[in-house]
There are 2 protein chains.
Amino acid sequence: MDTKIGSIKPSSRMTNQRLEIISYLQSTTEHPTAEKIYYEVRKKLPKLSLGTVYRNLEILAEKGIVVKLDLGEDRDRYDADTKLHHHFICRQCRRIIDIIMPDVEQLKDRIEGQLNVRVEKTQILFNGLCEYCQKLK
Amino acid sequence: MDTKIGSIKPSSRMTNQRLEIISYLQSTTEHPTAEKIYYEVRKKLPKLSLGTVYRNLEILAEKGIVVKLDLGEDRDRYDADTKLHHHFICRQCRRIIDIIMPDVEQLKDRIEGQLNVRVEKTQILFNGLCEYCQKLK
DNA sequence: GTAGCTGCAAACCGTTTGCACGTGA
DNA sequence: TCACGTGCAAACGGTTTGCAGCTAC
């Protein structure tokens, strides 16, 4: 028989691998890719495998401990900052800047009324050249 | 020697394959995937290959005749409507609704001033349940 | 004539998965 | 104890690419 509300995963074990992945993600604001996380956490756990990184990231995202981000690149990024925010990404150096946008709630309400839909997620993504890459011309 | 401004592709030939891909894209508003385009255009050109579809879509996107869209799915979508607009995508039926949002220009200006960046692209994506999927519960 | 395009098939690459072993609670 | 997690390697799937022949101009 299924769990009542959706398919909630039962308990999960706090392994060293999971702990270090969380710890690394909470130590950075640069929205690393799975590959970067793998590379960094392996400094502490040299036997870590990439599959384990992906499996943990999926579980942590399900639990709401991290957020998976699709910023229009060929790979996903991950963020331990789970408060709603948006992003600017530099097309040259791939730097990512967090953007707080207080009036998004109104935007959401407007769309829901206009289209008769229920909005569950809102993502605003800016793309262009960051301060430094503009100077480099 | 390079072309002066960036790497602009020289002339391109209007092949039947290219023509039919454009024609199909201009006939629909459903933001098809490459696979869907392949499937549809093959009704007219049965020997068409998927590689040709991808190569043409890339060229057409470069020329600004179509737009490639990343709506957070595992595959890209394509749209012959190149006027700036945004999207709602239903997480259940994958229906896509176009959204015109006149005040995005201000948003862009605000971000540019605030972060010292040059914004070249702005994408707003809403995710949730469409009118019909809400009714189906 | 020839640069650009096509069909075909293989390669690519980020991500997922099967499996046998390991380990946290 | 044993269900969940791990390392390893292979599989997956959307997209790209090498190549030999074709074709728009």
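Being a predicted model, the structure only gives us computed values, none of them experimental. Below, chain A is the first sequence line, B the second, and so on; all start at residue 1.
Between A/Asp98 and A/Phe88 the shortest side-chain heavy-atom distance does not fall below 4.5 Å.
Counting any heavy atom pair closer than 4.0 Å across all strands shown, B/Gln17 reaches sugar-phosphate atoms only and no base atom.
The side chain of A/Tyr54 sits closest to C/dT16 out of D/dA3, C/dT16, D/dG14. In the set C/dG7, C/dG14, C/dT23, the nucleotide with an atom closest to the side chain of A/Asp74 is C/dG14. Of the candidates C/dG24, D/dG7, D/dG14, D/dG7 carries the atom nearest the A/Lys47 side chain, counting heavy atoms from C-beta on. Considering only side-chain atoms of A/Asp76, the nucleotide from C/dT15, C/dC5, D/dG5 that sits closest is C/dT15. The side chain of B/Arg55 sits closest to C/dC8 out of C/dG24, D/dG7, C/dC8. When distances are taken from the side chain of A/Thr52 to each of C/dG24, C/dT15, D/dG7, the shortest belongs to D/dG7.
Separating the CG atom of A/Leu50 from the C1' atom of C/dT17 is a distance of 13 Å, rounded to the nearest angstrom. Between the CZ atom of A/Arg77 and the P atom of C/dG14 there is a distance of 12 Å, rounded to whole Å. In this structure, CD of B/Glu20 is placed 16 Å from C1' of D/dA24, rounded to the nearest angstrom. The distance from atom NZ of A/Lys63 to atom C1' of D/dG5 is 14 Å, rounded to the nearest whole Å. In this structure, the OH atom of A/Tyr39 is 16 Å from the P atom of C/dG14, given to the nearest Å. In this structure, A/Arg13 atom CZ and C/dA25 atom P are separated by 8 Å, rounded to whole Å. Rounded to whole Å, atom C1' of D/dC8 lies 12 Å from atom CZ of A/Arg42. The distance from atom CD1 of A/Ile59 to atom P of D/dT6 is 7 Å, rounded to the nearest whole Å.
In this structure, B/Arg75 reaches the D/dG14 phosphate: one of its side-chain N or O atoms is under 4.0 Å from OP1 or OP2. The phosphate of D/dT6 has OP1 or OP2 within less than 4.0 Å of a side-chain N or O from A/Asn56. Checking the phosphate oxygens (OP1, OP2) of D/dG5, a side-chain nitrogen or oxygen of A/Arg18 falls inside 4.0 Å. Residue A/Thr15 has a polar side-chain atom (N or O) positioned under 4.0 Å from OP1 or OP2 of D/dT6.
In terms of position on DNA chain D, the residue among B/Met14 and B/Thr33 whose nearest nucleotide sits closer to the 5' end is B/Thr33. Comparing B/Ala34 and B/Asn16 by the nucleotide of DNA chain D whose heavy atom lies nearest to each, the residue mapping closer to the 5' end is B/Ala34.
A donor-acceptor distance shorter than 3.5 angstrom exists from the side chain of A/Gln134 to the backbone of B/Asn116, with no hydrogens or angles considered. Between the side chain of B/Glu20 and the backbone N or O of B/Val41, no donor-acceptor pair lies under 3.5 Å.
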Stepwise side chain to side chain donor-acceptor pair (under 3.5 Å) test for A/Asp79 and A/His85: CA-CA 11 Å; A/Asp79 192 352; A/His85 62 274; 3.1 Å; yes
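Distance check, rounded to the nearest 0.5 Å: CE of B/Met101 to CZ of A/Arg110 gives 6.0 Å.
The pair B/Arg118-A/Glu131 fails the salt-bridge criterion, with no side-chain N (NZ, NE, NH1 or NH2) lying under 4.0 Å from an Asp/Glu carboxylate O.
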